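No experiment lies behind these values; they were computed from the predicted model shown.
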Protein chains: 2
Amino acid sequence: MNKRAKIKDIALKAGVSPTTVSRALSGTGLVAEPTLSHIRAIAETLHYRPNISARNLRTQKTMSILVVVRDIGNPFYLDIFKGAESIAHDAGYSLLMANTEDDPKREADYFNMLSDGRADGMILMTGKMPLDCDLPHDISQKVVVALEMIDNVDLTHVVIDNEYASIEAIDHLVSLGHQKIAYIAGPIPEGMSVRRLAGFRHAMMADGLKLPEAYIQQGNFSYQSGERAADRLLDLPDPPTAIYTANDEMAFGAIRAAKKRGLSVPEDLSIFGFDDTYLAEAFVPALTTVRQPCLEIGRRAMTRLLAHLSGDNPDTDSIVVPTEIVIRETTAPPPQKTYHPSS
Amino acid sequence: MNKRAKIKDIALKAGVSPTTVSRALSGTGLVAEPTLSHIRAIAETLHYRPNISARNLRTQKTMSILVVVRDIGNPFYLDIFKGAESIAHDAGYSLLMANTEDDPKREADYFNMLSDGRADGMILMTGKMPLDCDLPHDISQKVVVALEMIDNVDLTHVVIDNEYASIEAIDHLVSLGHQKIAYIAGPIPEGMSVRRLAGFRHAMMADGLKLPEAYIQQGNFSYQSGERAADRLLDLPDPPTAIYTANDEMAFGAIRAAKKRGLSVPEDLSIFGFDDTYLAEAFVPALTTVRQPCLEIGRRAMTRLLAHLSGDNPDTDSIVVPTEIVIRETTAPPPQKTYHPSS
DNA sequence: ATGAAAGCGCTAACAT
DNA sequence: ATGTTAGCGCTTTCAT
């Protein structure tokens, strides 16, 4: 094996200048036909492959995009990755995994990578801007925010309408006859949790339902916290007949809490999740939930980012992708009034 | 905002040569003390950050690693990513997501990226080598195979002992009193599926149990296929009292099949999964399963790869990481039979 | 301990 | 349509 061929070698062998070779190979359409195919043939013979670092240095691009999340171990991001990856790959871009673990140093690191030209753009899903780092001056054309909103920044956001989603969910429960509906919220004051809670309050009010404060319990998105929150709810003197949760995992926890005390889901207690994660469908009983179109979020975010990078669309207006409720097996009309749960 | 400072600017301001600046900043220890801190101070003032493309071009490195999977949407990889990322990040490397979708073209693409110097190394989890591409001559120092084995290649493998894992699982079921144990396999002839099936057969034989061929059903790792396979098993004239599955999702499907026909898990039927995926624990009932130490697999694979890249350890001997069985709520002694006395 | 000079491989301005 | 020239910003001999 010799060393790799470079443009110069091809030029020499083809009897043209390196420039012509470069032009021929990158398909600028500025090279006449006989030369073109001649060059291509030689490149083929020599197994030519461009040196990417050299190109990157010259063009000031890297053809890679940072995808920044809090926890790379969270399955929720998977479809977003997948959607973003498919768009990026088609455009010749690669995805760089960026995992902040909520560590401010890491958050800053990844922004520095952007400034350093180690990546051309970023899809930011941590819900926060970093401290202590140089933001690129053209940040609005390099960063798209997805999933979690960040207030007061002029960046494109790709998000769902958390409030509307809650209204749809509650409306469905109400249409089944539920009046005593409780909510298990995510950690406050995180933006997403706050908005979903607001949506719930809003929906309950719009439907004219009573909402005792004890009907709002807080979890941290883990199934364990959902189980504990549901325990508190079911211990209430006047427990709810339906529980709406801020994510699917807490819904799974709530199902566990119900089963533990001999309650059937959905006969004795309805459960409504949020996210339509992987396995919501496989769960027994299959979870009724709000579907977030994660593939779509990933695609839209990447599409907009690429438009920014190519200068095709500098707008930073937000993109709201629609959610839909998916009715499965964990919701049903409330039980008839009895003192004891029926078997 | 001015344009970014470069080494030359610092050199000018510090009254030294670019060479000295480079040496000072990369900590080679070849610069005397007064100069050193002087240079550092100026770099700080100018917010100097090195141009990575230039460095890459010069050093022929990129400090990034390809992580190649069949389907980036599969949650199973998450902890492997996480483990690999933590090691890589500490060493200053970034991870490039590579998603093959089982497309030979993509598989080749990612190897080409390696050859092209777009990435320094690769962790390969697709279980196959690509066709139609130039493999780097020093491939054994650039590629580590994880999770799925590839036969006849001289590359480091980081894998679990699928056979031993099956033996442990079956032994547990046997110790509970089960004799009629069926298996839902993954797609044959994929390496992983073949090995787990072999392990199951081996274990059944070792325990002296009868194994009718109908007790081995095949799925494709989806929960739906698990449900269908379990249906076939439970329709048998002499159905099993325990089902062992090649992954957790198919186990969830089997639980669904059982519930559908009014069978309780684990009272009427025991289910034993494989992987200990996310949610195995949250499932109701919580799934008894074989835990694959994915974080560890990711860490070990990356550690070895970095050792290869730095030349510290050129060995390609395989690394076998231990599994363990996790007993939760889906396994119990088989139901009593009036005419079959048991423990 | 520091500097001068060369060059990694590519592409883009500016000719012709 | 093709060539000439220059240079992206860094690191690394090789000299002093």
* Side-chain N or O of B:S53 less than 4.0 angstrom from OP1 or OP2 on D:dC10? -> no
| With no hydrogens and no angle check, do the side chains of B:S140 and B:D154 hold a donor and an acceptor under 3.5 Å apart? | no
Is any side-chain nitrogen or oxygen of B:Y48 closer than 4.0 Å to OP1 or OP2 of D:dG9?
-> no
To the nearest angstrom, the CD1-P distance between A:I52 and C:dT11 comes to 9 Å
To the nearest angstrom, the CG-P distance between B:L12 and D:dG9 comes to 15 Å
Of all heavy-atom pairs linking B:R118 and A:S94, the shortest is NH2-OG, 3.6 Å
For B:S17 and C:dG3, is the shortest distance between a side-chain N/O and OP1 or OP2 below 4.0 Å? yes
Separation of D:dC10 atom C1' from B:Q60 atom CD, nearest Å, is 12 Å
Answer with base, sugar-phosphate or nothing: what part of the nucleic acid does A:T35 contact at a heavy-atom distance below 4.0 Å?
sugar-phosphate
Name the pairs: protein N/O against N/O of nucleotides 12-16 of chain C, kept only if under 3.5 Å.
from, atom 1, to, atom 2, distance (Å)
C:dA12, O4', A:R58, NH2, 3.2
C:dA12, N6, A:T19, OG1, 2.9

For the pair B:K13 and B:D9, find out whether any cationic side-chain nitrogen is under 4.0 Å from an anionic carboxylate oxygen. no
B:I7 CD1 to D:dC8 C1', in whole Å, measures 14 Å
Q.
With a 4.0 Å cut-off on N to O distance, would you call B:K82 and B:E85 a salt bridge?
A. no
Rounded to whole Å, CD1 of A:I10 lies from P of C:dT11 at a distance of 11 Å
| request: Compute whether any side-chain donor of one residue and acceptor of the other, for A:S22 and A:T19, lie under 3.5 angstrom apart. | output: no
Winner on side-chain proximity to B:T20, out of C:dC8, C:dG3, C:dT11, is C:dG3
Between CG of B:N51 and C1' of C:dG9 the distance, given in whole Å, is 15 Å
Shortest non-hydrogen pair, A:R304 vs A:D315, comes out as NH1-O, 3.0 Å
B:K61/B:D120 salt bridge by N-O under 4.0 Å criterion: no
B:R118 CZ to C:dC10 P, in whole Å, measures 14 Å
A:L25 atom CG is separated from C:dG9 atom P, nearest whole Å, by 16 Å
